[in-house]
Amino acid sequence: MSDARLRRVNKEIADCKNDKASSVTIDLIDNSPFHLKGSFTGPEGTPYEGGHFEVDIVIPESYPFQPVKMKFITKVYHPNVSSASGAICLDILKDAWSPVLTLKSTLISLQSLLCSPEPNDPQDAEVAKHYMTSKTSFEETARYWTMIYAGGPGKEGLKGSPGLRDEVAMAGLEKAHVDKFEALGFDRSKVIDVLRRLNYRGANVPKINDDRIVEELLK
Amino acid sequence: MNGAIDSLLTLEVQDPTDFPPSSETPGLRELDDALRCSICGELYSAPVSLSCGHTFCSLCLRDNLSHKQECPTCRQAASESQIRKNIMMEDAVKAWNCARPLVLRWSKEEVSRKSRSSTPPRSSSAIFAHRSPKKKRKISHEDSDSDVVELVGSQLQKSRMNSNKPASATMQSKDLVDCPLCQKKVPMKSINQHIDAQCRSPTSSTSKGKQKSDWQKVFNGESSTSNRSKGKEKARAELEDAEPLPKVSYSVLSEKRIREMLRDHNLPTTGDKETLIFRHSRWVNLYNANLDGSPELRKSLERLRQELKKIENSRSNGTKSQIVSDVNAYQKANKTAFETLVEAARPKNTSNKTRSTSVAPNSSETEKSSSPPVVEVVEVLTVSAGE
Ligand SMILES: [Zn+2]
Ligand SMILES: [Zn+2]
Ligand SMILES: [Zn+2]
């Protein structure tokens with residue numbers, strides 16, 4: 001039956017609307033029931049706690065036989081989420097999809113992906129390296145992103161002044177390191193970019209000598 | 001694309017949550033759920049089982065096996081050759097289809113009767129629990145809400161495992177069903193006549209010129225083979241021992257050969273190779289799934305062709321879906337449509353939820369942890385439900 005997809009999606013949307021106890025919600029974006037927006041709150045006890053995360057949902061023509069397409073609308077700092085595009089690396093969105101999975105169960109899986117990053121199967125290699133090098137520093141950055149992009153705790157101090165966004169914190173770097181190379185006459189944003197790419201954090205810092213960084217900065 | 005939201009709103013969807021929660025009428029939701037396919041969420045149509053024992057609609061399963069050779073529920077390796085008709089399940093669904101409107105009405109009456117007679121509870125739970133369902137119905141004012149709560153315990157645990165079925169948006173009169181072909185509401189009694197009369201006015205959707213006229217030829221009986229084979233075909237489709245069509249490896253076949261095979265089944269031969277393969281493979285699934293139903297429930301080949309046409313149309317519409325760059329702005333602009341949907345979903349929700357919480361305090365907790373039948377995800381869900 002050709003309306004099977006519509007019927008199923010309709011049931012799924014209604015299910016989410018009716019289930020007030022659920023931690024995930026699904027909204028329509030436009031007049032198409034096949035393009036939706038999911039959202040959920042960041043899991044407690046993680047750097048994403050207190051954030052509100054939105055996900056773009058596209059239901060393909062052969063749904064539910066092929067996986068729903070999901071990507072983060074809200075920027076997330078996470079090894080399995082592209083920090084640029086929001087693309088997600090999660091098995092059930094690819095080979096491990098099954099037609100008995102639902103939009104709701106998939107959103108809940110995304111929520112739990114935030115609890116348990118898989119740095120060995122990364123979507124964002126730089127973020128994954130950061131995670132592996134220093135989990136503490138990674139979590140600090142992820143928390144900062146949650147505050148800036150997902151309305152997480154601590155935003156009050158920054159309200160109405162986005163210019164105060166700390167680019168060093170956004171990149172998960174240390175101010176002292178950025179200052180040091182800026183003092184050599186390089187553009188601050190370029191310094192941040194290079195140090196981020198080289199994963200100049202934690203135990204990596206003594207391993208990367210200054211010449212290497214300067215070389216990169218001169219490129 | 002305004003049509004989509006309209007059909008979304010008017011679409012009648014049946015769902016286990018049409019019934020009161022377990023705390024009110026134990027077992028009814030679970031029964032309705034047990035008779036539904038976990039792929040499409042509908043009551044089983046031509047149910048078939050795999051060797052792992054999981055059951056699906058034949059067409060749902062066949063379409064899924066075309067994508068992936070595994071059981072959707074337990075992920076055991078599966079193939080078409082494992083498919084066995086589940087005749088008893090089909091009988092159960094047939095009976096339930098017939099009884100459902102009545103049971104639904106009874107269950108509502110039961111709930112309102114209970115709320116009217118919500119006098120202080122009497123303690124007769126042990127006796128009550130051992131009574132047969134039939135006797136239970138006859139108890140008028142003796143049974144009380146507290147008795148029901150005692151019964152609920154085991155039900156809750158069961159529904160924890162299988163309550164991921166979506167809920168329907170609206171309450172409707174169950175005498176009307178929506179026609180699977182044209183989606184119009186038709187009295188259940190006359191649905192077969194309606195379908196046989198080809199729905200009077202099939203929706204003329206935006207299919208492409210040549211392909212459309214080719215389909216028209218098929219239905220007007222203009223194509224070369226159609227006239228002579230029509231009468232024979234219909235009889236063959238309804239014959240009990242009709243043979244299923246073999247699976248085809250399209251990659252080794254020429255476009256010409258696929259066209260011939262389509263012609264053999266009196267199907268349009270227009271479109272590129274991908275379209276031809278899509279058309280033929282879906283036809284094989286429709287045809288074989290139809291044979292998995294009992295003979296008196298089988299559809300005519302003519303009707304299967306109409307279904308295939310609809311599938312093809314929705315396919316070409318689907319690929320045209322627009323891309324929205326600024327999601328939030330777009331959503332704001334379309335707020336009204338969205339709000340209508342929310343409103344449509346609301347009435348039922350409030351009535352069910354308030355009742356369930358007042359009678360069984362645990363039930364909202366249970367509903368929250370609804371989980372899909374796939375094992376890995378179940379674990380994940382239990383974690384998030386604890387928050
Ligand atoms: Zn099904
Ligand atoms: Zn199975
Ligand atoms: Zn019709």
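Here CZ of A/Arg5 is found 12.0 Å from CD1 of B/Ile311. Values are rounded to the nearest 0.5 Å. One finds the NZ atom of A/Lys11 at 7.0 Å from the SG atom of B/Cys40 (value rounded to the nearest 0.5 Å).
More than 12 heavy atoms of other residues, nucleotides or ligands lie within 6.0 Å of CD in A/Glu126, so this atom counts as buried by the packing criterion. Within 6.0 Å of NZ in A/Lys69 there are 12 or fewer heavy atoms belonging to other residues, nucleotides or ligands. Annotation for A/Glu49: atom CD counts as buried by contact number, over 12 foreign heavy atoms lying within 6.0 Å.
A salt bridge (Lys or Arg N to Asp or Glu O under 4.0 Å) check over residues 53-73 of chain B, counting only residues at least two apart or in different chains, returns the pairs B/Arg62-B/Glu80, B/Arg62-B/Asp292, B/Asp63-B/Arg282, B/Lys68-B/Glu70, B/Glu70-B/Arg75.
For the pair A/Arg8 (side chain) and B/Ile39 (backbone), a donor-acceptor distance under 3.5 Å is present.
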